[in-house]
Participant: 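Submitted below is the structure of interest, expressed as structure tokens.
As a basis for the values below, the full set of heavy atoms in this structure was taken, side chains included, without hydrogen atoms, waters or symmetry mates. The chains referred to below are lettered A, B, ... by the order of the sequence lines, with proteins before strands, and numbering in each begins at 1.
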There are 2 protein chains.
Amino acid sequence: MNLITRNTDYAIRALCYIVKSNKNMVSVRELVEGLKMPGPFLRKILQELSRKGILRSYKGKNGGFVLAIRPEKIYVGELIEIFQGPIKLQEHIFRKKICPEIKSCILKKKIDEIEEYTISELNSLSISSLLKTGRQDK
Amino acid sequence: MNLITRNTDYAIRALCYIVKSNKNMVSVRELVEGLKMPGPFLRKILQELSRKGILRSYKGKNGGFVLAIRPEKIYVGELIEIFQGPIKLQEHIFRKKICPEIKSCILKKKIDEIEEYTISELNSLSISSLLKTGRQDK
DNA sequence: TATAAAGATACCATACCAGTATCATTATGT
DNA sequence: ACATAATGATACTGGTATGGTATCTTTATA
Ligand code: FES
Ligand code: FES
């Protein structure tokens, strides 16, 4: 099980890199070299962050990406939502069909409780706090 | 995302049914009728519970399954482990490859924290407590 | 005006999930 | 004895999501 998928993970790491770089423009090329990620995939990810207003992009030679909002205002929960949709520990969907017993499901209460805790933790975890407390050194 | 997959879910519901039935033997046939689950799939699930010592099975005519241990001693966390392996919110595995940066991953601390809470909640949630507090009525 | 960047989209391989399908074994009722 | 009704074991399968590629277009700069 992966609460965080690869694209979200790459997004987080790329954002951290951009913050730490202290440059006013970072290109995909530079990120690929610094973070060893597959270029085209990372590009798709950054484009999405651009569409969602997390990054601001500049086309053309010497172009690249810049943070559009401050890192204290970018939350991991938000990034997960962008790439994976609303955070849910249990979708109650199997094979495209929703559980018919969801109204009487005896598991739902406890799962909802865990889910609520999880969401609140992720929604209060910002990129800047990751950089402060994290083991970002190699 | 599904913290609980369909086989685990069916297993839990079947166990609850067996407890509530108060019979000393329940067959797959009866469970299928009572719970509207696909027969062969449920059979595979109950066989696994048998192998793992949760149920005791009896072959032959009038055969079926009986609880092998008391419902207070059967925990949801344990059932998840049986059908899905060790509970993890983040496997750090994508495409069969483990994250190379796991040693320096800035996300790991927080995820581990959420994971620990989740596991402890699931490991203390028994079948009997589900039956007591749950909305098991239709 | 060549170049180097991002934007947009279509495509693809693999793994996993939720099952089926079969055949073998074992106990029971008549 | 033997048909029947149950579980045991295991192989197979279709659909979907994930983690990517591959291409082509657009835009800015030196
Ligand atoms: S797990 Fe979906 S209704 Fe219980
Ligand atoms: S998510 Fe796996 S190492 Fe960070």
Side-chain angles (χ1 to χ4, degrees), chain A residues 1-11 14 18 23-33 36-52 54-66 68 80 83-85 88 90-99, chain B residues 1-11 13-14 18 23 25-33 36-52 54-66 68 80 83-85 88 90-99:
Chain A
M1 184 163 170
N2 282 326
L3 186 59
I4 288 167
T5 56
R6 195 94 263 196
N7 44 10
T8 308
D9 176 55
Y10 283 166
I18 291 170
K23 295 166 106 173
N24 64 333
M25 186 86 73
V26 182
S27 70
V28 169
R29 170 182 295 266
E30 182 182 341
L31 285 163
V32 164
E33 279 160 10
K36 319 265 183 181
M37 294 167 184
F41 191 32
L42 180 59
R43 231 176 102 209
K44 200 165 64 165
I45 291 165
L46 297 185
Q47 282 175 16
E48 183 66 19
L49 289 175
S50 227
R51 274 191 291 271
K52 289 287 157 53
I54 309 282
L55 292 175
R56 171 90 169 82
S57 75
Y58 294 90
K59 291 172 88 171
K61 214 167 183 173
N62 299 330
F65 296 88
V66 192
I80 293 177
F83 294 102
Q84 308 170 222
K88 282 176 196 156
Q90 193 71 24
E91 310 222 51
H92 300 283
I93 293 174
F94 304 99
R95 303 271 230 168
K96 283 285 175 196
K97 233 182 131 289
I98 197 161
C99 306
Chain B
M1 184 164 175
N2 282 326
L3 184 58
I4 288 168
T5 55
R6 194 93 265 197
N7 43 9
T8 309
D9 176 55
Y10 284 167
R13 306 228 307 266
I18 291 171
K23 294 166 107 172
M25 186 88 73
V26 182
S27 70
V28 169
R29 170 183 294 267
E30 182 182 341
L31 285 162
V32 164
E33 279 161 12
K36 319 265 182 183
M37 293 167 183
F41 190 30
L42 181 58
R43 225 173 109 209
K44 200 165 64 167
I45 291 164
L46 297 186
Q47 283 175 16
E48 182 67 18
L49 289 175
S50 227
R51 273 191 291 271
K52 289 288 157 55
I54 309 283
L55 292 175
R56 171 90 168 81
S57 75
Y58 294 89
K59 290 172 88 170
K61 214 167 183 174
N62 299 329
F65 296 88
V66 192
I80 294 176
F83 294 102
Q84 307 168 223
K88 283 177 193 151
Q90 193 71 23
E91 310 221 50
H92 300 284
I93 292 174
F94 304 98
R95 302 270 231 169
K96 285 281 173 200
K97 233 181 130 290
I98 199 161
C99 308

Participant: Report the distance from atom CZ of A:F41 to atom C1' of D:dT18, rounded to the nearest whole Å.
Facilitator: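 Value for this atom pair: 8 Å.
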Participant: Considering residues at least two apart in sequence or located in another chain, which fulfil the side-chain contact (heavy atoms from CB on, under 4.5 Å) criterion with A:K23?
Facilitator: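 For A:K23 the side-chain contact (heavy atoms from CB on, under 4.5 Å) partners, ignoring immediate neighbours, are A:S21, A:V26, A:E30.
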Participant: Name the nucleic acid region contacted by B:F94, choosing base, sugar-phosphate or nothing; use a 4.0 angstrom heavy-atom cut-off, strictly under.
Facilitator: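 Contact class for B:F94: sugar-phosphate only.
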Participant: Roughly how far, to the nearest 0.5 Å, is CG of B:L49 from CD1 of B:I54?
Facilitator: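 Here the rounded value is 6.0 Å.
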Participant: Which stems does DNA chain C form, counting runs of 3 or more consecutive Watson-Crick or G-U wobble pairs with both distances under 3.5 Å?
Facilitator: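 Stem list for DNA chain C: C:1-30 with D:1-30.
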Participant: Which atom names give the shortest non-hydrogen contact between A:G39 and A:V32, and what distance separates them?
Facilitator: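 Shortest heavy-atom separation between A:G39 and A:V32 comes out as CA-CG2, 3.5 Å.
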Participant: Specify the residue among A:P40 and B:R51 whose closest nucleotide of DNA chain D lies further upstream toward the 5′ end.
Facilitator: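 Nearer the 5' end of the strand: B:R51.
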Participant: Over how many whole Å does the gap from A:L42 atom CG to D:dA22 atom P extend?
Facilitator: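 Nearest whole value for this atom pair: 16 Å.
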Participant: With a non-hydrogen cut-off below 4.0 angstrom, is A:R6 in contact with a base, only sugar-phosphate, or nothing?
Facilitator: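 Touches sugar-phosphate only.
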Participant: Which salt bridge (Lys or Arg N to Asp or Glu O under 4.0 Å) pairs, counting each pair once, include a residue from residues 39-51 of chain B, with sequence neighbours left out?
Facilitator: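 Qualifying pairs, neighbours excluded: B:E48-B:R51, B:E48-B:K52.
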Participant: Please list, chain by chain and in numerical order, all residues satisfying side-chain contact (heavy atoms from CB on, under 4.5 Å) with A:Y58, sequence neighbours excluded.
Facilitator: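 Here the qualifying residues are A:M25, A:R56, A:V66.
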Participant: Not counting sequence neighbours, which residues clear side-chain contact (heavy atoms from CB on, under 4.5 Å) with A:T5? List them please.
Facilitator: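 A:T5 satisfies side-chain contact (heavy atoms from CB on, under 4.5 Å) with A:N7, A:T8, A:Q84 once adjacent residues are dropped.
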Participant: Atom CD of B:Q84 to atom P of C:dC17: distance rounded to whole Å?
Facilitator: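 Rounding to the nearest Å, CD of B:Q84 and P of C:dC17 are 8 Å apart.
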Participant: Among all residues two or more places apart in sequence or in another chain, which pass the side-chain contact (heavy atoms from CB on, under 4.5 Å) test with B:N2?
Facilitator: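 Result, side-chain contact (heavy atoms from CB on, under 4.5 Å) vs B:N2: A:Q90, A:E91, A:F94.
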Participant: Can you find an N or O donor on one side and an acceptor on the other, under 3.5 Å apart, linking the side chain of A:K44 with the base of D:dG20?
Facilitator: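 Looking at the base of D:dG20, it does pair with a donor or acceptor on the side chain of A:K44 (distance under 3.5 Å).
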Participant: In whole angstrom, what separates B:N2's CG from C:dA15's P?
Facilitator: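 So the two atoms are 21 Å apart, to the nearest Å.
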Participant: Atom CG of B:N7 to atom C1' of C:dT20: distance rounded to whole Å?
Facilitator: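 Going from B:N7 (CG) to C:dT20 (C1'), I get 15 Å.
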Participant: Got a sec, which residues hit ring pair (Phe, Tyr, Trp, His ring centres under 6.0 Å) with B:Y10, two or more places apart in sequence or on another chain?
Facilitator: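 Listed in chain order: B:F41.
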Participant: Rounding to a whole Å, what distance do you find between A:E30:CD and C:dA6:C1'?
Facilitator: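 Going from A:E30 (CD) to C:dA6 (C1'), I get 15 Å.
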Participant: Compare every heavy atom of B:A14 with every heavy atom of B:L31, then report the nearest pair and how far apart it is.
Facilitator: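 It is CD2-O, 4.1 Å.
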Participant: Is A:K96 near enough to D:dA17 that one of its side-chain N or O atoms lies under 4.0 angstrom from OP1 or OP2?
Facilitator: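 It does, given that an N or O in the side chain of A:K96 lies less than 4.0 Å from OP1 or OP2 of D:dA17.
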Participant: For B:Y10, answer base if it contacts any base atom (sugar-phosphate contacts may also be present), sugar-phosphate if it contacts only those atoms, and nothing otherwise; contact means non-hydrogen atoms under 4.0 Å.
Facilitator: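 It contacts sugar-phosphate atoms only.
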Participant: Let me know the distance between NZ of B:K52 and P of D:dG8, rounded to the nearest Å.
Facilitator: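 Spelled out: NZ on B:K52 to P on D:dG8 is 14 Å.
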Participant: Give every pair of a protein N or O atom and an N or O atom of nucleotides 2-7 of chain D that lie under 3.5 Å apart, one pair per line with the distance.
Facilitator:
residue : atom : partner : partner atom : Å
D:dA6   : OP2  : B:R29   : NE           : 2.9
D:dA6   : OP2  : B:R29   : NH2          : 3.4
D:dT7   : OP1  : B:V28   : N            : 3.0
D:dT7   : O3'  : B:S57   : OG           : 3.2

Participant: Distance check needed: D:dT18 C1' versus A:M37 CE, whole Å only.
Facilitator: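 In whole Å, D:dT18 C1' and A:M37 CE are 17 Å from each other.
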